[in-house]
Asks: 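I have a structure here, written as structure tokens, and I will follow up with some questions on it.
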Amino acid sequence: MDQPSSLLRSIPGIDQLLKQEQAQSLIEAYSPALVTQALREALDELREGIISGTVSAVSQDEMLMNTAARLAQAQTMGHRPVINATGILLHTNLGRALMAKKAGEAAKQAAINYTNLEFDCQTGKRGDRLVPIVKALKALTGAEDALVVNNNAAAVLLALSALAKGRQVIVSRGELVEIGGSFRVPDVMTQSGCQLVEVGTTNKTKLADYEQAICENTAALMKVHTSNYQIIGFTQSADMADIARLACERSLISIYDLGSGAMLPLAPYGLKMEPLVKDALAQGADVVCFSGDKLLGGPQAGIILGKAEYIAIMKKHPLMRALRADKMSLAALEATLLLYQDEELARRELPLYRMLEENLDALKARAEALHALLDASIQKNARIVPSDAQVGGGSAPGEMLPSLALSITPETIGLNDLYMRLIQAETPVIARVHQDSLLLDMRTLREEDIKPLADALNQALTREAKA
Ligand SMILES: *Cc1c(COP(=O)(O)O)cnc(C)c1O
């Protein structure tokens, strides 16, 4: 065996390695600078290995293979597609709604082309980026006017800042919502410079509670959809229609944070609690806000609908520029809204509605297809079981969608180990642990997920258990 010192001397220089054919093809695929950097790292590692005695030979081929692997690794995106087997349709941690193909395509075209974002192709003058979307929103909802910002938190912040800063806003105690992490109604109020006036109790708020709290410094009455919890039992809350009427009588503004903003009735899927955007407006709310990426099934966005005079004030507010949506989101949002021109089309093209609509036979066929692709040793520990899917993402809390799951009870490794291996798979799989099994819910899977999911399962369950 060679001595470390002679091994170290036998390491080729970077220049020599760069001349090799393999290095040249790497340079074509990446760049000279990236390849040089990766080679340097590979050489450093080799030297350390020689000095510590773990490496006993120098091979140029191995060095170049190591370099290629480093380059591939460095180009791997942190952001990448995952398989959602949780049964939660709008999973906030997994990016909420899947957009329709047309919306994805519109975002891509906006990204890689110049667009008429703020250019009017009829007149040659400067245009307004929101014009086509405002037109679509007005046509779909009957709203007087509309505005779009980055997300619904921004929409609420803008509405409160522009319409009620320095004054009081009355909200029911039962509606002081926190939406995952940082959106809390009381904090948004503070941030907007408004004074929150809580009325009623956690479980009961009557119209009279709002009425008694109104004073000369009141600017608005606000209703917040309790989009991620239900108060059940002995409960009461005031209807939007009553709140809007009271606000109107007292020359106040009524604001409705709808959260999800369903455009189509969800009752056909057994979901009864989600208010519709159209209804919120018909009930007389002056300003209605909701998310673009929840039940609408579009990109992240905050949509504000309502009376033209209030939208005009928000539009001119200095925050508007900081909160405005970008061209990709706007293109995707417009493409999504166009689908809603025809209810049939929306239900067919929006993945969310396809998932809501699928019947148990279709889910069973999917589970069987997955089962058939598993190794025989795994098949015997996998069975199809009933499961509860959920809308999630701050919509229809507590309302379950009947579903089916493939339930896997691992024999050779622990349940937690299996869960971890799946989330670390090449295409990560996010499943649900339930008692002593792993549940793969069929409702959030697409046809194209089945093969990579089976591959991930086969690999995870046939690999040796970690010591
Ligand atoms: C989801 C939600 C929000 C926040 O919306 P984002 O689009 O996530 O910013 C605000 N209010 C309610 C009631 C919600 O459900």
Side-chain angles (χ1 to χ4, degrees), residues 88-99 133 137 146-161 164 169 171-192 194 196 198 205 220-231 237-238 240 243 254-263 266 271 273-277 279-280 285 287-306 314 319-320 322-326 328-330 332-333 336-337 352 390-399:
I88 299 170
L89 278 58
L90 298 174
H91 198 303
T92 295
N93 298 356
L94 305 183
R96 290 197 183 150
L98 299 187
M99 288 198 276
I133 291 172
L137 283 168
L147 197 54
V148 176
V149 288
N150 238 319
N151 52 39
N152 189 33
V156 176
L157 181 71
L158 177 62
L160 291 171
S161 303
V169 178
V171 186
S172 160
R173 281 207 170 81
E175 298 176 359
L176 297 175
V177 175
E178 168 173 327
I179 310 290
S182 50
F183 181 92
R184 289 176 154 192
V185 170
D187 297 342
V188 178
M189 287 280 174
T190 311
Q191 194 58 45
S192 321
C194 303
L196 168 66
E198 303 172 24
T205 303
L221 308 184
M222 176 153 128
K223 185 167 178 67
V224 183
H225 179 49
T226 55
S227 53
N228 55 7
Y229 62 95
Q230 274 183 11
I231 298 180
S237 62
M240 189 63 232
I243 294 174
S254 57
I255 301 173
Y256 195 175
D257 176 7
L258 260 187
S260 208
M263 299 286 265
L266 297 168
L271 306 171
M273 311 293 286
E274 276 301 318
L276 294 185
V277 172
D279 293 346
V287 175
V288 173
C289 322
F290 56 96
S291 295
D293 55 356
K294 291 182 180 172
L295 285 169
L296 185 71
Q300 177 187 305
I303 296 165
I304 311 177
L305 304 175
M314 286 183 253
L319 262 182
M320 182 59 210
L323 303 178
R324 75 179 182 184
D326 74 287
M328 288 181 283
S329 307
L330 292 176
L333 181 58
T336 305
L337 293 172
L352 181 77
Q390 288 178 57
V391 179
S395 316
E399 296 191 299

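Only heavy atoms go into these numbers, but all of them, side chains included; no hydrogens, no water, no symmetry mates. Ligands are counted one by one from 1 in listed order, and the atoms in each one are counted from 1 as well.
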Asks: Could you tell me the residue and atom name of the protein heavy atom closest to atom 9 (O) of ligand 1, and the distance to it rounded to 0.1 Å?
Replies: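 So the nearest neighbour among protein heavy atoms is A153 N, 2.8 Å.
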Asks: Which residue holds the protein heavy atom closest to atom 7 (O) of ligand 1, what is that atom called, and what is the gap in Å?
Replies: S291 OG, 2.7 Å
Asks: Just going by heavy-atom distances, which of K294, K223, R96, H225 is nearest to atom 2 (C) of ligand 1?
Replies: K294
Asks: For atom 3 (C) of ligand 1, grab the closest protein heavy atom and report residue, atom and distance to one decimal in Å.
Replies: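 Protein heavy atom at minimum distance: N152 ND2, 3.5 Å.
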Asks: Identify the closest protein heavy atom to atom 15 (O) of ligand 1: which residue and atom is it, and at what distance?
Replies: S227 OG, 2.4 Å
Asks: Of the protein's non-hydrogen atoms, which lies at the shortest distance from atom 11 (N) of ligand 1, and what is that distance?
Replies: D257 OD2, 2.6 Å
Asks: Apply side chain to side chain contact (heavy atoms under 4.5 Å, CB included) to the pair M314 and M320, showing each step before the final yes or no.
Replies: CA-CA 7 Å; M314 286 183 253; M320 182 59 210; over 6 Å; no
Asks: If you measure every N or O of S260 against every N or O of ligand 1, does any of those distances drop under 3.5 Å?
Replies: no
Asks: Run the side chain to side chain contact (heavy atoms under 4.5 Å, CB included) test on L158 and L147 for me, step by step, so that the C-alpha distance in whole Å, both residues' side-chain angles and the decisive distance to 0.1 Å come before the verdict.
Replies: CA-CA 11 Å; L158 177 62; L147 197 54; 4.0 Å; yes
Asks: Tell me if a side-chain donor or acceptor on S260 pairs with a main-chain N or O of A262 at a distance below 3.5 Å.
Replies: no
Asks: Is there a donor-acceptor pair closer than 3.5 Å between any side-chain N or O of E175 and the backbone N or O of T226?
Replies: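 Answer holds: no.
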Asks: How long is the span from the CG atom in N150 to the OG atom in S329, to the nearest 0.5 Å?
Replies: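 Between atom CG of N150 and atom OG of S329 there are 7.0 Å.
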Asks: Would you mind telling me which of L295, D293, L98 makes a side-chain contact (heavy atoms from CB on, under 4.5 Å) with L352?
Replies: L295
Asks: V224 to ligand 1: N or O pair under 3.5 Å?
Replies: no
